[in-house]
2 protein chains.
Amino acid sequence: MTEPTGRRERKKAATRQKIADAALRLFLEHGYDAVGIRDVAAEADVAVTTLFSHFASKEALVFEQDEDFEQRLTRAVTERAPHEPLIPALRREIQALVRHCTADSAAPIWHMIDASPALREYEESMRLRHAESLATAIAADPGLPGTPTACRAIARFVIDAYSLARDAADPEAAVGEIFQMIEAAWAVTCPSGNPTGTAGP
Amino acid sequence: MTEPTGRRERKKAATRQKIADAALRLFLEHGYDAVGIRDVAAEADVAVTTLFSHFASKEALVFEQDEDFEQRLTRAVTERAPHEPLIPALRREIQALVRHCTADSAAPIWHMIDASPALREYEESMRLRHAESLATAIAADPGLPGTPTACRAIARFVIDAYSLARDAADPEAAVGEIFQMIEAAWAVTCPSGNPTGTAGP
DNA sequence: AACATAACACTAACCGTTAGGGTTTTGAAT
DNA sequence: ATTCAAAACCCTAACGGTTAGTGTTATGTT
């Protein structure tokens with residue numbers, strides 16, 4: 001048996017990071033559109049084909065931790081405390097994610113994203129994927145009552161909440177406001193009685 | 001003064017239509033990815049640059065009546081009967097749109113769209129625009145009580161309903177199910193009393 | 001009749017992305 | 001230790017969507 005982290009994997013991760021760092025540095029300095037793939041590859045001192053073996057597209061260079069986001073969402077559903085109701089768990093997670101990406105340190109990156117139509121479009125299609133996997137996680141929980149359609153709808157609404165809150169003047173308040181709506185939308189999918197353990201009468 | 005439709009405008013519209021027809025014909029026959037822009041231009045007997053002066057991108061050739069969709073949505077809000085509640089009016093319109101694009105005659109086109117990631121991504125970003133203009137229309141109605149954030153959220157939910165219903169096994173039932181959720185979400189934005197004229201208790 | 005401009009054509013390029021084909025590094029098995 | 005297969009990397013050349021630059025023709029106006 002070998003160690004979980006062989007030299008090969010370490011080198012590969014290092015190369016990936018080197019590319020991502022070079023890309024972000026150039027993008028922030030000169031603007032996303034003004035920097036070409038060939039520039040990034042040169043700055044990272046790798047071949048263009050190598051770059052594309054680590055990242056599926058130019059946009060993916062920016063949304064590097066895409067999968068973290070997806071995992072945090074689905075884990076908020078699958079690994080929540082037993083009998084904890086669904087919506088508050090999601091609300092907490094979305095609140096944390098919004099706080100994280102509206103922090104001052106992330107401001108330049110999001111400014112860059114907002115300035116590029118290509119990046120906004122990419123982020124949108126990312127969110128669609130996230131909504132779909134969130135819907136799967138929700139539908140897989142046997143303790144939840146929603147139909148597949150209701151699960152997909154709630155998943156979309158949750159992702160919408162994240163997206164809208166990021167743009168809102170007061171992100172945290174927006175999360176609260178939209179989750180009130182989501183809570184009501186979810187409650188209506190439970191015919192009667194104790195909706196998802198929200199402590200009924 | 002000249003006629004509202006001069007020769008110039010007629011010729012321009014004819015060229016545009018000729019391009020769109022040629023594109024759809026080729027796309028449906030050989031597949032979207034297998035047909036290049038140069039092929040479409042040749043089939044329509046125009047220069048590539050002319051094609052791009054009529055359509056902003058290859059994907060836009062497929063979603064030709066994009067603006068119709070947008071207008072129908074906003075008009076469902078702005079031109080609804082006086083005192084008619086918002087959500088049912090939107091429900092009717094979405095129902096009609098879903099029926100329209102799940103009709104058998106539209107099946108080949110939507111099959112083509114589902115088969116191409118580029119087209120799906122483009123449609124997604126189109127929906128974002130539509131949600132934004134729908135939100136503006138809702139927020140502009142002085143008879144409605146929602147905050148700007150609530151309006152934007154409801155607009156997104158409505159577009160989500162359209163998108164999800166199209167993919168559902170029973171589209172019409174899905175519209176009904178999701179709009180029950182939307183109705184509840186909207187009701188919660190009205191502190192108390194008669195929520196948007198839905199005939200309170 | 002003369003002019004301004006909209007619509008169109010042509011060429012050549014830019015840029016993201018991929019195919020094809022080769023070299024070096026790594027991990028494992030003899 | 002040697003050998004081997006695969007992973008990671010490199011280079012070149014191209015493909016396909018898109019645009020800039022530069023003319024040409026058709027149309028509406030003066």
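Keep in mind it's a predicted model, so treat the numbers as computed, not measured.
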> Is it the case that the side chain of Thr189(A) and the backbone of Ala185(A) share a donor-acceptor pair, with hydrogens and angles ignored and the cut-off at 3.5 Å?
no

> Kindly indicate whether the side chain of Leu90(A), heavy atoms from C-beta on, has any atom under 4.5 Å from the side chain of Tyr162(A).
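Counting from C-beta outward, Leu90(A) and Tyr162(A) never come under 4.5 Å.
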
> Counting side-chain heavy atoms from C-beta on, which of dT17(C), dA8(D), dA20(D) comes nearest to Ser57(A)?
dT17(C)

> Please report the C-alpha distance between Glu124(A) and Arg120(A) in whole Å, then the side-chain angles of each, then the deciding distance to 0.1 Å, and finally whether the salt bridge (Lys or Arg N to Asp or Glu O under 4.0 Å) criterion is met.
CA-CA 6 Å; Glu124(A) 188 61 22; Arg120(A) 286 208 307 273; over 6 Å; no

> Check every atom of dT27(D), dG16(C), dC11(D) against the side chain of Arg7(B) and return the nucleotide holding the closest atom.
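Closest nucleotide among those given: dT27(D).
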
> Please say whether the positively charged group of Lys58(B), taken as NZ for Lys or CZ for Arg, lies over the ring of Tyr32(B), i.e. under 6.0 angstrom from the six-membered ring centre and within 45 degrees of the axis.
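Yes - Lys58(B) lies over the ring of Tyr32(B), closer than 6.0 Å to its centre and within 45° of its axis.
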
> Of Lys58(B) and Leu51(A), whose nearest nucleotide on DNA chain D comes first from the 5' end?
Leu51(A)

> Whole angstroms only, please: what is the CZ-C1' distance between Phe55(B) and dG17(D)?
16 Å

> 5'-most contact on DNA chain D: Glu59(B) or Lys11(B), nearest heavy atom basis?
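Closest to the 5' end, via its nearest nucleotide, is Glu59(B).
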
> Among the nucleotides dG16(C), dT19(D), dA9(C), which one has an atom lying closest to any side-chain atom of Ile37(A)?
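For the Ile37(A) side chain, the nearest candidate turns out to be dG16(C).
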
> Could you check whether Val46(A) gets within reach of a base, just the sugar-phosphate, or nothing at all, counting any heavy atom under 4.0 Å?
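Sugar-phosphate, no base atom in range.
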
> Heavy atoms only, 4.0 Å cut-off, all strands: where does Val35(A) land among base, sugar-phosphate and nothing?
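If one applies the 4.0 Å heavy-atom cut-off, Val35(A) turns out to touch the sugar-phosphate alone, with no base involved.
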
> Just how far, in rounded Å, is P of dT19(D) from CG of Asp33(A)?
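Taking atom P of dT19(D) as the reference, CG of Asp33(A) is at 12 Å.
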
> Would you kindly give the CZ-to-P distance between Arg38(B) and dT11(C), to the nearest whole Å?
13 Å

> What's the NZ-C1' distance between Lys12(B) and dT25(D), to the nearest Å?
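So the two atoms are 16 Å apart, to the nearest Å.
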
> For the side chain of Phe52(A), counting heavy atoms from C-beta on, which of dT19(D), dT18(C), dC8(C) is nearest?
dT18(C)

> Quick one: which of dC11(D), dT18(D), dC9(D) gets closest to the side chain of His54(A)?
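Ranking dC11(D), dT18(D), dC9(D) by closest atom to the His54(A) side chain puts dC9(D) first.
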
> Within the modelled atom types, does a donor on one side and an acceptor on the other bring the side chain of Arg10(A) and the base of dT26(C) under 3.5 Å apart?
no

> Could you state the atom-to-atom distance from CG of Leu61(A) to P of dC15(C) in whole Å?
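Spelled out: CG on Leu61(A) to P on dC15(C) is 16 Å.
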
> From the list dG17(D), dC9(D), dC8(C), which nucleotide is the closest neighbour of the side chain of Thr50(A)?
dC9(D)

> With a non-hydrogen cut-off below 4.0 angstrom, is Asp45(A) in contact with a base, only sugar-phosphate, or nothing?
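Since only primed, P, OP1 and OP2 atoms lie under 4.0 Å of Asp45(A), the category is sugar-phosphate.
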
> Distance criterion of 3.5 Å, no angle test: do you see the side chain of Thr49(A) paired donor-to-acceptor with the base of dC9(D)?
no

> Taking only the side-chain heavy atoms of Arg8(A) (C-beta and beyond), determine which of dT19(D), dA9(C), dG27(C) contains the nearest atom.
dG27(C)

> Do the charged groups of Asp167(A) and Arg152(B) touch, with an N to O distance under 4.0 Å?
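Here Asp167(A) does not pair with Arg152(B) in a salt bridge, since their nearest N and O are not under 4.0 Å apart.
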
> Between dC10(D) atom C1' and Ile19(A) atom CD1, what is the distance in whole Å?
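Ile19(A) atom CD1 is separated from dC10(D) atom C1' by 13 Å.
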
